[in-house]
Amino acid sequence: MKPFIYIICIVLTLVSCKNTSSKAAKDDVAYHCPMRCEGDKIYTEKGNCPVCKMDLVVEENHVKTISDDKFSEMSIYNLPSTWTTQNGEDIQLKDLKGDVLVMVMIYTSCKAACPRLVADMRNIEERLPEHSKENVKMIFVSIDPEVDTPERLKTFAKENLMDNDPWLFLRSTEENTREFAAVLAVSYKEISPIDFSHSNIISVFNHKGELVFQQEGLGVNSDNTIKHINEAVDAM
């Protein structure tokens with residue numbers, strides 16, 4: 001876990017810095033007149049009420065609402081990248097919040113390790129109790145976005161009887177894919193136009209997008225993975 005934590009801190013810190021602006025800082029707090037001279041009207045900047053001239057005070061409810069939408073520094077939901085599903089829908093990772101995520105990176109033309117990873121994901125899903133299945137998404141992320149178009153992902157999903165919940169297939173740009181692989185501590189390298197060498201890691205994220213467990217290898221015992229998924233669901 002330590003290498004992962006080191007990598008994700010670097011990546012998410014860079015993302016956070018890239019997207020920070022003075023406007024965002026202002027939006028974190030709202031103010032109102034303590035006398036409510038203008039009813040429930042709020043202001044985005046600290047100052048004085050234009051009616052009674054009293055100092056504006058912090059609108060507590062507004063601060064709480066915004067805080068509830070924020071993610072921890074360790075959450076993958078901070079990543080701003082856009083991804084396309086097998087159904088051609090564009091989403092951001094934060095659109096997946098609220099569910100426990102079980103994620104693995106593959107490519108659909110793989111004939112060696114990836115079919116075994118697909119089998120491992122299927123095995124994990126089949127072993128989950130029903131109450132957990134309702135709160136889990138099983139996600140495949142392509143490391144070969146040039147070949148793995150939404151149409152190709154759709155075909156692959158149908159071929160593997162995974163074209164419905166809880167299964168989801170994602171692809172993005174090469175840059176976004178590399179960035180996300182770094183977050184997962186997954187390494188991959190193109191060794192021919194149709195072949196990649198890559199890490200075999202299945203990652204579990206809680207409903208806040210924070211990593212809770214990683215399973216590494218092919219055909220390994222998934223008891224610990226199931227345990228951490230169930231614990232993440234119970235903690236929701």
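Note: hydrogens, waters and symmetry copies are ignored here, and every other heavy atom, side chains too, is used.
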Exercise for review: I would like to know whether V204 and L101 meet side-chain contact (heavy atoms from CB on, under 4.5 Å); could you show each step before the answer?
Suggested key: CA-CA 6 Å; V204 179; L101 310 181; over 6 Å; no
**Study point:** Under 3.5 Å: donor-acceptor pair, side chain of N160, backbone of F156
**Key:** yes
Point to revise | Worked check of side-chain contact (heavy atoms from CB on, under 4.5 Å) between M105 and T177 | key: CA-CA 9 Å; M105 300 191 79; T177 304; 3.8 Å; yes
Review point. CG of D55 to NZ of K53: how many Å apart, nearest 0.5 Å?
Key: 12.0 Å
Exercise for review: Establish, from distance only, whether the side-chain atoms of E210 and S75 form a donor-acceptor pair under 3.5 Å.
Suggested key: no
**Study point:** Side-chain touch V104/I201, heavy atoms, less than 4.5 angstrom
**Key:** no
Exercise for review: Without swapping roles, check the side chain of N221 against the backbone of D223 for a donor-acceptor pair under 3.5 Å.
Suggested key: yes
Exercise for review: Could you walk me through whether V147 and Y107 pass the side-chain contact (heavy atoms from CB on, under 4.5 Å) test, one step at a time?
Suggested key: CA-CA 9 Å; V147 171; Y107 64 107; over 6 Å; no
Check your understanding: Taking the side chain from T149 and the backbone from P145, do they hold a donor-acceptor pair closer than 3.5 Å?
Key -> no
Check your understanding: Roughly how far, to the nearest 0.5 Å, is CD1 of I143 from OG of S172?
Key -> 14.0 Å
Check your understanding: Tell me, do Q215 and N224 make a side-chain contact under 4.5 Å, heavy atoms counted?
Key -> no
Check your understanding: Is the backbone of G219 close enough, under 3.5 Å, to the side chain of D120 for a donor and an acceptor to pair up by distance?
Key -> yes
Practice item. Write out all pairs satisfying ring pair (Phe, Tyr, Trp, His ring centres under 6.0 Å) with one or both partners inside residues 81-102, taking only residues at least two apart or from two chains. Key: W83-F180
Point to revise | Heavy-atom closest pair, residues F169 and M162 | key: CE1-O, 3.8 Å
Practice item. Please round to the nearest 0.5 Å and tell me the distance separating atom OG1 of T108 and atom CG of D148. Key: 3.5 Å
Practice item. Please determine, by modelled atom types, if D90 and T82 share a side-chain donor-acceptor pair under 3.5 angstrom. Key: no
**Study point:** Residue pair I124 / I226: nearest heavy atoms and the distance that separates them
**Key:** O-CD1, 3.4 Å
Review point. Would you call I202 and M103 a side-chain contact if the rule is heavy atoms closer than 4.5 Å?
Key: no
Check your understanding: Are L211 and Q214 close enough that some pair of their side-chain heavy atoms sits under 4.5 Å apart?
Key -> yes
Review point. Take atom CD in Q92; do more than 12 heavy atoms of anything else shown fall under 6.0 Å from it?
Key: yes
**Study point:** Student check: side-chain heavy atoms of M54 and N48 closer than 4.5 Å
**Key:** no
Review point. side-chain contact (heavy atoms from CB on, under 4.5 Å) between F205 and V100: does it pass, once the steps are laid out?
Key: CA-CA 6 Å; F205 293 87; V100 173; over 6 Å; no
Point to revise | Whether Y77 and F71 hold their rings parallel, tilted or perpendicular, with breakpoints at 30° and 60° | key: perpendicular
Review point. Does one side chain, of N176 or S81, offer a donor that lies under 3.5 Å from an acceptor on the other?
Key: no
Check your understanding: Looking at side-chain heavy atoms only, is the closest gap between L56 and C33 below 4.5 Å?
Key -> yes
Exercise for review: Check the hydrophobic clustering (I, L, V, M, F, W, Y; side-chain heavy atoms under 4.5 Å; chains of links allowed) and say if V220 and L184 are grouped together.
Suggested key: no
Practice item. Determine whether I229 and V212 make a side-chain contact, defined as any pair of heavy atoms from C-beta on separated by less than 4.5 Å. Key: no
Exercise for review: Answer yes or no: is there an ion pair linking R122 with E126, defined by an N-O contact shorter than 4.0 Å?
Suggested key: no
Check your understanding: Quick one: do the R127 and S222 side chains pair a donor with an acceptor below 3.5 Å?
Key -> yes
Practice item. For atom NZ of K208, decide whether the heavy atoms of other residues, nucleotides or ligands shown that lie under 6.0 angstrom number more than 12. Key: no
Review point. Mind checking whether W167 and F140 have parallel, tilted or perpendicular rings, split at 30° and 60°?
Key: parallel
Review point. How far does CZ of R116 sit from SG of C110, to the nearest 0.5 angstrom?
Key: 11.0 Å
Practice item. Work out which heavy atom in A113 is nearest to a heavy atom in N200; give both atom names and the distance. Key: CB-OD1, 3.6 Å
**Study point:** Note, V102 side chain near I139 side chain (heavy atom, < 4.5 Å)
**Key:** no
Point to revise | side chain to side chain donor-acceptor pair (under 3.5 Å) contacts in which one or both residues fall within residues 132-141, not counting sequence neighbours | key: D99-K137, S132-N230
Check your understanding: CG of D144 to CD1 of I106: how many Å apart, nearest 0.5 Å?
Key -> 10.5 Å
Check your understanding: Rounded to the nearest 0.5 Å, what separation is found between the CD atom of E73 and the CG atom of N78?
Key -> 8.0 Å
Check your understanding: Side chains of T84 and R171: donor-acceptor distance under 3.5 Å anywhere?
Key -> no
Review point. Under the 3.5 angstrom rule, does the side chain of N87 hit a backbone N or O of E89 as a donor-acceptor pair?
Key: no
